[in-house]
Amino acid sequence: MEMTALFNMQRELDAFIEGSKEITYDVFEEKSLALLIELSELANETRCFKYWSTKGASPQPVLLEEFVDSIHFMLSLGIMKGFTCDQWQGKKEKVKLTTLFIDTQRVILQFIAEPTQAHYEKIWQNYYSLAYNLDFDAAAITDAYIQKNQKNYERQRTGY
Ligand SMILES: O=c1ccn([C@H]2C[C@H](O)[C@@H](COP(=O)(O)OP(=O)(O)OP(=O)(O)O)O2)c(=O)[nH]1
């Protein structure tokens, strides 16, 4: 998946948010924690680990919105550190979701401890697997990203 357009949209959104909230300090840790939380919110909506319950996953649009919140913070962290992901690729392999969520938490924590391009790419690969295992295709992700990106502007404008 081609990512240049999304990186550009994210750069503009970040500048808008940081301007409107007058952010003058380094928010790398804040964005990193936000990413971990968005990942957990997605896991929670899939309910994949809730062996104690018979209730199923939330509807696909709910999962997709949680997913693209993570994508916002992934793009944003890359922009902060000068890292890219020109072609988003990964494995097309059905795996156990719970294991994949834990592994993704692990690679995010690795990146936070040591923010390198290699660690950054590893997170993108995990998110590719998440997308594949949750049946999101490139077009659906792009559409949902654009929609949430617009919503984020509206929220800033309405004093969120
Ligand atoms: O510098 C930033 C800060 C935030 N966001 C975006 C990412 C995400 O899409 C949204 C924050 O997530 P969410 O919408 O879940 O925010 P929340 O404050 O947790 O929402 P709620 O109060 O509805 O739970 O803001 C950015 O893109 N760049």
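Whatever order the structure lists them in is the order used to number ligands and atoms, beginning at 1. Predicted, not measured: the structure shown is a model, and the values here were computed from it.
- In this structure a side-chain-to-backbone donor-acceptor pair under 3.5 Å is present from Y120 to M74.
- Of all atoms in ligand 1, numbered sequentially from 1 with element shown, those under 4.0 Å from a heavy atom of E38 are 12 (O), 13 (P), 15 (O).
- With a 4.5 Å cut-off on side-chain heavy atoms, E121 and F83 do not count as touching.
- Between K151 and E65, at least one side-chain N (NZ, or NE/NH1/NH2) sits under 4.0 Å from a carboxylate O, which counts as a salt bridge.
- One side chain, S58 or E45, offers a donor N or O that lies under 3.5 Å from an acceptor on the other.
- Close approach to I17 involves these atoms of ligand 1, each under 4.0 Å from a residue heavy atom: 2 (C), 3 (C), 4 (C), 5 (N), 26 (C), 28 (N).
- Atom 28 (N) of ligand 1 has its closest protein heavy atom at D14 OD1, 2.8 Å.
- For atom 24 (O) of ligand 1, no protein heavy-atom neighbour is found at a distance under 4.0 Å.
- What sits closest to atom 21 (P) of ligand 1 on the protein, heavy atoms only, is Y160 OH, 3.6 Å.
- Close approach of ligand 1 to L13 (heavy-atom distance below 4.0 Å) involves ligand atoms 27 (O).
- Here's the thing with Q10: one of its N/O atoms is less than 3.5 angstrom from an N/O atom of ligand 1.
- With ring centers used as reference points, F67 lies under 6.0 Å from Y127.
- In summary, D135 and K94 engage in a salt bridge, as defined by a charged side-chain N under 4.0 Å from a carboxylate O.
- At a 4.0 Å cut-off, at least one heavy atom of K31 sits close enough to ligand 1 to count as contact.
- A salt bridge links D14 with K31: the closest approach of a Lys/Arg side-chain nitrogen to an acidic carboxylate oxygen falls below 4.0 angstrom.
- The N/O atoms of E18, backbone and side chain alike, include none that comes under 3.5 Å of an N/O atom in ligand 1.
- What sits closest to atom 6 (C) of ligand 1 on the protein, heavy atoms only, is N152 ND2, 3.5 Å.
- Looking only at side-chain heavy atoms (C-beta outward), L75 and M3 come within less than 4.5 Å of each other.
- In terms of protein heavy-atom proximity, atom 8 (C) of ligand 1 is nearest to D69 OD1, 3.4 Å.
- No N or O atom of E41 sits closer than 3.5 Å to an N or O atom of ligand 1.
- Comment: R11 does not engage E18 in a salt bridge, judged by the lack of any side-chain N to carboxylate O separation of less than 4.0 angstrom.
- No heavy atom of E66 sits closer than 4.0 Å to any atom of ligand 1.
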